[in-house]
Novice: 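Sharing a structure, written as structure tokens. Questions coming.
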Amino acid sequence: MNRGYLVCKDCGGRYDLQPGELPGEFESCSCGGKLEYYDNNGHKRGYMPVYPNDNRSKERSPLLKILIFFVVAYAVFHVFGGVVMGVMEATTEVGSPGATYVFVIFMVIAIAVILFLLWILFKK
């Protein structure tokens with residue numbers, strides 16, 4: 001089955017795509033001209049270039065990872081901390097041993113969540 005063909009805008013040369021070839025695998029014509037992709041019916045189609053040696057990946061940049069980390073860490077402390085403080089005020093006096101235990105448990109859980117987030121963001 002024919003997968004379409006490429007036509008050079010400069011020299012008019014034509015290349016029929018072979019099975020397993022994608023139009024985006026070709027950067028330019030041998031003359032240096034820009035290639036256009038046509039399907040089997042002769043309709044011009046767009047395509048995304050695919051360069052096998054392109055080192056750009058879909059990984060998040062380190063700066064974006066750090067930003068995500070701080071936003072989620074803030075949300076964990078803000079939301080979860082508010083809930084814990086509300087429970088502490090409703091059930092015990094602030095400063096009592098019971099309140100201290102609740103706060104320590106909150107801190108351990110929050111730190112565990114943040115460490116897990118760090119592990120997910122920065123693992124390769």
Novice: How would you list, by chain and number, every residue that makes a side chain to side chain contact (heavy atoms under 4.5 Å, CB included) with Phe116, sequence neighbours excluded?
Specialist: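 Expected list: Trp119, Ile120.
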Novice: State which residues pass side chain to side chain contact (heavy atoms under 4.5 Å, CB included) with Glu21; sequence neighbours excluded, sorted by chain then number.
Specialist: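 For Glu21 the side chain to side chain contact (heavy atoms under 4.5 Å, CB included) partners, ignoring immediate neighbours, are Tyr15, Leu17, Gln18, Glu25, Phe26.
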Novice: Residues in side-chain hydrogen bond (donor to acceptor under 3.5 Å, both in side chains) with Asp10, at least two apart?
Specialist: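 In terms of side-chain hydrogen bond (donor to acceptor under 3.5 Å, both in side chains), with neighbours along the sequence ignored, Asp10 is linked to no residue.
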Novice: Could you tell me which non-hydrogen atom of Cys8 sits nearest to which non-hydrogen atom of Cys29, and how far apart they are?
Specialist: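 Nearest heavy atoms, Cys8 then Cys29: SG-CB, 3.5 Å.
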Novice: Nearest heavy-atom pair of Cys11 and Cys31: which atoms, and what distance?
Specialist: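 Cys11 and Cys31 have their closest heavy atoms at SG-SG, 3.8 Å.
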Novice: Ignoring hydrogens, what is the shortest heavy-atom contact between Tyr37 and Pro23? Give both atom names and the distance.
Specialist: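 Reported closest heavy-atom pair: CD1-CB, 3.6 Å.
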Novice: Mind checking whether Val113 and Leu115 sit in one hydrophobic cluster, side chains of I, L, V, M, F, W, Y counted as touching below 4.5 Å?
Specialist: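 The answer is yes; both residues are in one hydrophobic cluster.
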Novice: Main chain of Asn41, side chain of Asp39: is a donor-acceptor contact present, judged purely on distance under 3.5 Å?
Specialist: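 Confirmed, Asp39 side chain pairs with Asn41 backbone.
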Novice: Which residues pass the side chain to side chain contact (heavy atoms under 4.5 Å, CB included) test with Tyr38, sequence neighbours left out?
Specialist: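 Side chain to side chain contact (heavy atoms under 4.5 Å, CB included) list for Tyr38, sorted by chain: Tyr5, Val7, Glu36, Lys44.
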